[in-house]
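Chain identifiers are assigned alphabetically (A, B, ...) following the order of the sequence lines, protein sequences preceding nucleic acid strands; residue numbering begins at 1 within each chain.
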Amino acid sequence: MAYSTKDIHQIEAKWQKIWDEKKIFKATFNSEREKYYVLEMFPYPSGKIHMGHVRNYTITDVISRFKMSQGFNVIHPMGYDAFGQPAENAAIKRGVDPAQWTYGCMDQMRTELKRMGFSYDWDRELATCDQDYYKWNQWIFLKMMEKGLAYKKGSPVNWCPSCETTLANEEVINGACWRCKNDVQQKDLEQWYLRITDYSQRLLDDLDTLDHWPQRVIAMQKNWIGKSYGVEIFFKVEKTEDILSVFTTRVDTIFGATYVVLAPEHPLVETLISGSAHEDVLRAFIQKVANESKSSRMSGENKKEGVYTGQFAINPVNGEKIPIWIADYVLMEYGTGAIMAVPTHDQRDFLFANEHGLPLRIVIQDPSRPDLVVDGMDAAYEGDGNLVNSQRFDGLPNREAIKKIGQWMEQEKIGTMTVHWRLRDWLISRQRYWGTPIPVIYCEDCGIVSVPETDLPVELPRNIQITGEGGSPLNHVPEFLNVACPCCQKDARRETDTMATFFDSSWYYLRYCSAKDDQQVFDKAEAGYWMAVDQYVGGIEHAILHLLYSRFFTKFFKDLGLVSIDEPFIRLLTQGMVLKDGEVMSKSKGNTVDPDAIISKYGADALRLFILFAAPPEDQLEWNDNAIEGSWKFLNRIWHMVDQRYLSSEKKIVKDILDEQDKILERTCHLTIKKVTADIDNYKFNTAISSLMILMNAMDKYKVQDGQAVKQAVLNHAIRTVIQLLSPFAPHLSEELWSRLGASDVSIIQAGWPRYDESALKQDEITIVAQVNGKVRQNFYVSADITKEQLKELTLSDEKIQLHMQGKVMRKFIYVPGKLVNVVV
RNA sequence: GGGCAAGUGGUGGAAUGGCAUACACGUUGGACUUAAAAUCCAAUGGCUGCAAGGCCGUGUGGGUUCGACUCCCACCUUGCCCACCA
């Protein structure tokens, strides 16, 4: 019987229904069984799924089904990261209700995900915009407030004028908004922050325990956390009592400091310049820098601009009077917002000093240019060397001097050895509607009051006007805004900002463990059993944001005593992008391929198979309309194999009665089991599939005549093996064929995962490659237990080998058992 | 400027230091067919040769080794991440 598009759609629908009705993928808490938690990064419900989703979720599905077959108690949940700006933008543009729009998209996505045949436990489905989810966002926020980890402060923040909201540091990419790519501005605002910096050290240290994370993700996080050791040095400002702190990692160059520079936003700037002779010039400069966009200010290629304040600072190591400048190349966000400038040993300072005629002094000697003087410098020397012009430290190697000077400065109380972090506290306030309301009330008498736990959730009002203008829409909803103070019952008003949606996604993997629990954030015992996530799969774009925040939340829950783990995700796989014509598929480029259309043409199994076969999961994948035909053809071949060549046979496979052809197929069969099993564990889905193709090719060559019961049994074994090994990749077809073989299992998963027999892998006869001086000249087909001496004799007496030895004398004979020999002449 | 990947046929890609190009796509030829599709069979790195064969070949240049796509050094190119980070 032929296998057609009509058949695949019938078969796929049939099995999706059986899986659903028989609850094949339902995960039940059972501490007797070994669990396995497989998770993908849940989608934003934009409506249709795209090839990126298909790739991500097919990978997790293969792992999930594989682990289920192996007998693990697998939990594989799915949900939606459902709050966020696209829904709100749709509301502004088309006047639809964001909730209605979002739930509509979720329905569509669910249908498409089911069409792919993914092995989800749908009973655990969640959406972050559900009240019974975001209620717990608010609960977590209150706990953080209680522990002093959530706090409000006024400070300069990143402001995206196009999204009309604030952004976290992690959301600013090259000075632009991560979502809309517009330039980010600085604005002074009162906002809510999470004290993630309290966890800097733990977030850094525990990266070393993540042995199964990609190295580059770990490197990116380390980089982002940015720990640097240095010294904070106290400069006195001349004629005042003010102390100016600067941070440096190069305290060995302190004797070469010839001026000090402040960021224009530095708090001391105001007192330094007020009343100065050039006050207006100075203020104009500060204003000019403030007007610059973050991206241009941080570009690094700008000319370094600055102005002299007219004031001096005293270098505490030598009492020297050095001028205080203000310049745009010093950033308030890093260190203390002030630097000591050493133009001879820092290229930025060098450029600035030359520009403004500031003095230079060499304090580290370049070993390759011992006679170098200041006048001969055309660039700063940033390498190592011994100290000069540094009083009692002269002659010390600079790396040693870093320690010695630091210790000395601590003794003299003119500096302190310290650590600076790049990581900032996480700004979570957003001036948007479609998010979790921050559960806080402002009372004139009581100040900031948290909403009592019993009043949760603070409901997000529905059916309101969303215009995109006039700040947060919640400001214009009196029923929401006006509330009695929980302390004094007087009129008060609610916080109208909502939480950044990364808050929602920082703990959803815990919620899945007891998704329907309406009493608590998650069940401690269930989370204790299911967590941590054994295998997490998602895009590299979340290497910092989501993964860092989730690690922070897990550590916070540990401190609350709700979990006992330190890290949420044991194994992490970051899958590559799907490209078309060499470019990332995107709606704006118009080069998307709709998964739904592919399913309609070839079925979900062919799509799954292609997307895994075309490239290793971490690499970019180039979509190819032709190549998917190959996957479709391969599935057809398997169908025909079962349809036309599987006949029942009573015979058992006994090694003694097998002929050479039988043994070869048996051996290929066992090799394939071994290879596919190892490959799935190592994310090598492409080679797992190719080894299944090799087994199919071997079966095609293997001939069985009528009545050859032993050969039929051998072939049947191979057929059953192919179907089982294929089942994680192409589950629908595998289920159908498995049931046609007369299996009694409800699902092929219950048949278990095939095991290979080590003894079946052994070969009686093997091929040995013979080389002369490393070049292959001959092949020998010999008994597997041939000795080195026998092989040597065989090789040296071979005509071809002799020809290539050209009568020369053998110097060495290399023998690699079971593989090759090499004659060196 | 710093860090991390990667560079292999016409294409996607395989190769615990041991036969480079598995598997697939594409192409070419053949079988089946009135014809086409589908399917099946065969060939398919380059140069050279009637053939057997020979030589060359994994970004470039060196090195280690009996033997290097693989390990080491330098360089080139591409991609990603970070970056006026003090």
- Geometric class of the Tyr329(A)/Phe352(A) ring pair [parallel <30°, tilted 30-60°, perpendicular >60°]: tilted

- Given Watson-Crick and G-U pairs under 3.5 Å, RNA chain B in dot-bracket ([ ] crossing, | other strand) is (((((((..(((.....[....)))((((((.......))))))((((....))))..(((((..]....))))))))))))....

Whole-Å distance between [N] [atom2] and [X] [atom1]?
X	N	atom1	atom2	result
Lys601(A)	A38(B)	NZ	P	11 Å
Leu726(A)	C23(B)	CG	P	18 Å
Gln215(A)	A5(B)	CD	P	8 Å
Ile689(A)	A14(B)	CD1	P	12 Å
Ile540(A)	G3(B)	CD1	P	19 Å
Arg645(A)	C40(B)	CZ	P	13 Å

Would you indicate which nucleotide in [options] comes nearest to any side-chain atom of [X]?
X	options	result
Leu331(A)	G26(B), A24(B), C84(B)	C84(B)
Gln771(A)	C84(B), C19(B), G12(B)	C19(B)
Arg422(A)	C85(B), C23(B), A86(B)	C85(B)
Thr687(A)	A86(B), C66(B), A15(B)	A15(B)
Tyr334(A)	C23(B), C85(B), G26(B)	C85(B)
Lys633(A)	G13(B), A24(B), G26(B)	G26(B)
Asn223(A)	C84(B), C25(B), C82(B)	C82(B)

Got [X] and [Y] here, is their nearest side-chain heavy-atom distance under 4.5 Å?
X	Y	value
Val260(A)	Ile339(A)	no
Arg250(A)	Asn398(A)	yes
His356(A)	Tyr308(A)	no

Please measure how far the [atom1] atom in [N] lies from the corresponding atom in [M], and state the result in whole Å.
N	M	atom1	result
G9(B)	A24(B)	C1'	14 Å
U8(B)	C56(B)	P	22 Å
C85(B)	G3(B)	C1'	14 Å
G17(B)	G67(B)	C1'	8 Å
U39(B)	C72(B)	P	46 Å
A36(B)	A43(B)	C1'	24 Å
G10(B)	U27(B)	C1'	8 Å
C66(B)	C81(B)	P	44 Å

- Query: Between Asp346(A) and Lys684(A), which has a closest nucleotide on RNA chain B that is more 5'?
  - Reply: Lys684(A)

- Return the 5'-most residue of the pair Glu622(A), Val769(A) with respect to RNA chain B, ranking by each residue's nearest nucleotide. Glu622(A)

From [X] atom [atom1] to [Y] atom [atom2], the distance as rounded to the nearest 0.5 Å:
X	Y	atom1	atom2	value
Lys601(A)	Asp625(A)	NZ	CG	7.5 Å
Phe235(A)	Ile322(A)	CZ	CD1	4.5 Å
Phe613(A)	Leu692(A)	CZ	CG	10.5 Å
Met409(A)	Thr416(A)	CE	OG1	10.0 Å
Phe780(A)	Leu791(A)	CZ	CG	7.0 Å

Presence of [X] side-chain N/O under 4.0 Å of [N] phosphate oxygens OP1/OP2:
X	N	answer
Arg777(A)	G54(B)	yes
His804(A)	G54(B)	yes
Asn779(A)	C19(B)	no
Lys775(A)	C56(B)	yes
Arg637(A)	U39(B)	no
Arg216(A)	C82(B)	no

Looking for any heavy atom pair under 4.0 Å, which part of the strands does [X] touch: base, sugar-phosphate only, or nothing?
X	result
Lys701(A)	nothing
Asp700(A)	nothing
Phe634(A)	nothing
Asp619(A)	nothing
Gly630(A)	sugar-phosphate

- Message: Check this for me: does any side-chain nitrogen of one of Arg361(A) and Glu320(A) sit under 4.0 Å from a carboxylate oxygen of the other?
- Response: yes

- Message: Do the side chains of Asp798(A) and Arg777(A) get close enough for a salt bridge, i.e. N-O under 4.0 angstrom?
- Response: no

- Could you list all the ring-ring contact (aromatic ring centres under 6.0 Å, His included) pairs where at least one residue sits in residues 803-825 of chain A, not counting sequence neighbours? none

- Query: Does G9(B) fall in syn (glycosidic angle within 90° of 0) or anti?
  - Reply: syn

- Task: Would you jot down, in residue-number order, the residues of residues 815-825 of chain A having a non-hydrogen atom under 4.0 Å from RNA chain B?
- Result: Val816(A), Lys819(A), Leu820(A), Asn822(A), Val824(A)

- Query: How close do Phe729(A) and Leu612(A) get, heavy atom to heavy atom, and via which atoms?
  - Reply: CD2-CD1, 3.6 Å

